[in-house]
Amino acid sequence: DQQVKQNSPSLSVQEGRISILNCDYTNSMFDYFLWYKKYPAEGPTFLISISSIKDKNEDGRFTVFLNKSAKHLSLHIVPSQPGDSAVYFCAATFNQAGTALIFGKGTTLSVSS
Amino acid sequence: KAGVTQTPRYLIKTRGQQVTLSCSPISGHRSVSWYQQTPGQGLQFLFEYFSETQRNKGNFPGRFSGRQFSNSRSEMNVSTLELGDSALYLCASSLEAGGNSPLHFGNGTRLTVT
């Protein structure tokens with residue numbers, strides 16, 4: 001039973017355009033959500049997070065939106081750059097879980113120049 | 001500041017053997033977590049240690065164990081290896097033990113069981 005789902009295994013975008021990566025979750029106890037980026041042969045790198053008390057968080061080119069009623073979050077990258085090509089993981093947790101993150105299976109983003 | 005260091009990077013073991021993986025967290029980080037990544041199951045939480053105590057454990061058999069030392073360095077042990085244990089094992093450290101403290105991952109140890 002997957003509690004965090006990334007239904008699109010891959011996404012292709014042109015340089016300069018917007019990339020939108022989606023994530024759905026089933027557990028209403030989740031109160032903190034994170035996005036990680038992973039390059040081949042490296043560990044995941046933290047990108048951005050959002051608490052369930054917010055519906056939007058921005059950090060430079062990256063914005064995460066949270067829709068609690070739909071149990072859906074999305075990561076927007078604007079403008080997309082070739083260096084953004086990587087696997088993006090959505091993760092969720094709740095306060096009592098400590099650092100136990102539940103990860104989605106990832107979306108591979110390819111940004112072409 | 002140095003990142004999370006995991007050793008070794010690659011390991012090949014035979015079924016039935018045991019293996020120990022090592023992780024050095026970022027200086028000042030007191031929480032260390034371990035994750036297993038496989039193509040089929042993705043990234044799955046193994047366990048978390050904070051101040052030498054296991055705080056949380058994922059849904060893995062008892063063959064998987066770990067410990068944390070007073071300097072926050074951590075080791076993970078897998079006994080009686082099975083073919084299905086072949087995976088990338090990732091260690092992550094964070095400043096605090098709460099979920100709101102982002103994890104910083106190492107580059108992992110690639111374990112192959114033959």
Side-chain angles (χ1 to χ4, degrees), chain A residues 1-10 21 23-25 27 29-54 57 59 62 64 66 75 86-108, chain B residues 3-6 9-10 21 23-26 29-51 53-60 66 68 72 74 87-110:
Chain A
D1 177 31
Q2 256 189 289
Q3 297 186 68
V4 177
K5 297 179 187 177
Q6 293 178 258
N7 292 320
S8 298
S10 61
L21 296 105
C23 178
D24 297 299
Y25 62 94
N27 191 338
M29 295 269 298
F30 290 143
D31 58 11
Y32 196 64
F33 304 88
L34 309 93
W35 284 94
Y36 283 81
K37 176 170 76 173
K38 186 179 186 299
Y39 293 118
E42 293 184 12
T45 303
F46 170 72
L47 264 178
I48 192 169
S49 62
I50 187 166
S51 163
S52 61
I53 62 173
K54 295 186 173 181
N57 189 26
D59 185 359
F62 302 92
V64 56
L66 175 63
L75 174 69
V87 180
Y88 288 78
F89 292 96
C90 168
T93 188
F94 51 95
N95 196 41
Q96 293 86 346
T99 56
L101 299 180
I102 308 296
F103 281 89
K105 294 206 173 174
T107 296
T108 300
Chain B
V4 176
T5 304
Q6 292 188 245
R9 284 299 306 271
Y10 302 94
L21 313 181
C23 172
S24 293
I26 291 172
H29 284 194
R30 297 193 297 161
S31 173
V32 174
S33 305
W34 288 88
Y35 286 79
Q36 180 197 65
Q37 185 181 22
T38 58
Q41 299 299 320
L43 276 154
Q44 292 187 286
F45 172 75
L46 278 156
F47 27 67
E48 175 201 357
Y49 286 88
F50 183 80
S51 294
T53 302
Q54 187 180 87
R55 285 191 78 242
N56 212 343
K57 190 176 191 307
N59 189 25
F60 278 82
Q68 186 181 33
S72 294
S74 177
L88 179 67
Y89 290 88
L90 291 159
C91 170
S93 73
S94 61
L95 206 52
E96 299 296 335
N100 293 2
S101 186
L103 298 180
H104 299 266
F105 284 87
N107 288 335
T109 293
R110 171 74 63 184

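Quick caveat, the model's predicted, so the values are computed rather than measured.
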Does any heavy atom of chain A fall under 4.5 Å from the side chain of B:Leu103, the backbone, both, or neither of them?
-> both
For B:Leu46, is it the side chain, the backbone, both, or neither that has a heavy atom closer than 4.5 Å to a heavy atom of chain A?
-> neither
Name the option with the most non-hydrogen atom pairs under 4.5 Å to chain A; the candidates are B:Arg110, B:Gln37, B:Gln44.
-> B:Gln37
Do B:Cys23 and B:Val4 touch side chain to side chain, with heavy atoms closer than 4.5 Å?
-> yes
Sub-3.5 Å donor-acceptor pair from the side chain of [X] to the main-chain atoms of [Y], do we have one?
X	Y	value
B:Thr5	B:Ser24	no
B:Asn56	B:Phe47	no
A:Ser51	A:Lys54	no

